[in-house]
Engineer: 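Input: one structure, supplied below.
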2 protein chains.
Amino acid sequence: MSPRKSAAESRRTRDRIIDRSIAIASVEGLDGLTIGRLATDLGMSKAGVLGHFGTKETLQLASLDGASAIFSRAVWEPAAGTAPGLARLRAICEYWITYLEREHGAFPGGCFFTTAAVEFDARGGPIRDAVVRRSLLWRRRLANEIRYAVDAGELPSDTDPDQLVFELIGLYTGLNQAIQLFADPKAQERTRRALARLLAPAPEEAR
Amino acid sequence: MSPRKSAAESRRTRDRIIDRSIAIASVEGLDGLTIGRLATDLGMSKAGVLGHFGTKETLQLASLDGASAIFSRAVWEPAAGTAPGLARLRAICEYWITYLEREHGAFPGGCFFTTAAVEFDARGGPIRDAVVRRSLLWRRRLANEIRYAVDAGELPSDTDPDQLVFELIGLYTGLNQAIQLFADPKAQERTRRALARLLAPAPEEAR
DNA sequence: CCTACCGATCGGTAGG
DNA sequence: CCTACCGATCGGTAGG
């Protein structure tokens, strides 16, 4: 009953709430998420849940952060060990496919960020802002990786990094839809085929 | 007060409800749509709104049908006059870009179907089924158009229609996100650049 | 198409 | 972390 133990337990409860919240929101959306449903799932009272966050919006933002960490751990971190440039870019793209697979289990309802982005893209407010900030961060990282590959001569010198980012985002949004809406078993293979074209190496010699 | 006039007016009211419902749902989602909000916007009572449909779900399905008609009128019908094959395929893709522009005004919150697809892709039920059916219909039409262009020798003979459909859907989902989430003024141009590669004509002569 | 109403659930608070 | 409660809103119904 020391304050230290109590704080640690509180932290664990908070994490449990966020985990469950992410699972629900990936299916029902961040707005479809309700405190009552969350409390029932966790065997807690609504006040107990809300006490950790104050308001639903704070909980939604915390869930976004938690989902962000999951994405990082599934895609960016495993690729961090690969050599920068085209090799790492391809590693990121491959982990990204795995991350979206139904069996991966990160999010039962498909990519949390695709759902959140579409849910809030026409509204204002702190959640939309947070989604935009996260997306821009990842787009920037992706563009940096592409730029490195171009500078190293691994991608054609006339590659427009932002254009490639644009096409990659579209490709993966499409992959998520093919998996979630159609359970298309060929979706991964189709993504890899498109990637082979988008990330085709520069020819060894200049003409 | 003849029954004929009454029926016509009822029809007009029904259309007004659906129009407003589509506008709300494109921003808030089909689940975020509420009868109360709809009634307030239209200056009607909740019972008056619900009387036309019976249940919220029926109204949601009717809104999906209405949005479907808007998409058809904006994309498929204008392209119907173009010669089948690559020319029509390009016309469809161009009208599709226009349809997604913010200024187009079809849907204030971006493509209704992208929103609905992501909203219901992890759930079951009649709305999800209706979204899947519509999407499959359009994918099939698109694939048919591609097949025609391949058979006419306008696209490379080794083109996989379903692969191209997959990449096109991703491209346009990405375009919708770039417009709605980032208000990216270059999004249309980027889409056209990607299209130029995806729909590059077959070389005139075989090697 | 309306008023008047139903039970259920929403986010959130008071007080412990 | 709980019980007990708040006003507001939800989808939907009865009756006209």
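Not measured: the values here are computed from a predicted model. Quick note on labels: first sequence line is chain A, next is B, and so on, each numbered from 1.
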Engineer: For B:Val49 and A:Thr55, take the nucleotide of DNA chain C holding the closest heavy atom to each; which residue's nucleotide lies nearer the 5' end?
Structural biologist: B:Val49

Engineer: Verify the ring-centre separation between B:Phe71 and B:Trp138: is it less than 6.0 angstrom?
Structural biologist: yes

Engineer: Could you tell me whether A:Asp151 and A:Arg147 make a salt bridge, using a distance below 4.0 angstrom between a side-chain N and a carboxylate O?
Structural biologist: no

Engineer: B:Trp96 vs B:Tyr172 aromatic rings, parallel, tilted or perpendicular, using cut-offs 30° and 60°?
Structural biologist: parallel

Engineer: Looking at A:Arg16 and A:Glu9, is any side-chain nitrogen of the basic one under 4.0 Å from a carboxylate oxygen of the acidic one?
Structural biologist: no

Engineer: Would you confirm whether B:Arg90, through its side chain, and B:Leu199, through its main-chain N or O, come within 3.5 Å as a donor-acceptor pair?
Structural biologist: yes

Engineer: Spell out, as yes or no, whether a donor-acceptor pair under 3.5 Å connects the side chain of A:Gln163 to the backbone of B:Arg190.
Structural biologist: yes

Engineer: Under 3.5 Å, is there a donor on one side chain and an acceptor on the other for A:Thr55 and A:Thr58?
Structural biologist: yes

Engineer: Which nucleotide span of DNA chain D, 5' end to 3' end, has atoms closer than 4.0 Å to non-hydrogen atoms of chain A?
Structural biologist: D:dC1 to D:dT3

Engineer: Before accepting this row, confirm whether a basic side-chain N of the pair B:Glu94/B:Arg192 lies closer than 4.0 Å to the acidic partner's carboxylate O.
Structural biologist: yes

Engineer: Let's see if you get this right: which residues in residues 17-35 of chain B place a heavy atom under 4.0 Å from DNA chain C?
Structural biologist: none

Engineer: Short question: side chain of A:Thr40, backbone of A:Gly36 - any donor-acceptor pair under 3.5 Å?
Structural biologist: yes

Engineer: Check each of A:Asp162, A:Asp158, A:Leu164 against A:Asp160 using the side chain to side chain contact (heavy atoms under 4.5 Å, CB included) test, and report the only one that passes.
Structural biologist: A:Asp162

Engineer: Report the secondary structure of DNA chain C in dot-bracket form, marking unpaired bases with a dot and bases paired to a different strand with |, and treating Watson-Crick or G-U pairs with both distances under 3.5 Å as paired.
Structural biologist: ||||||||||||||||

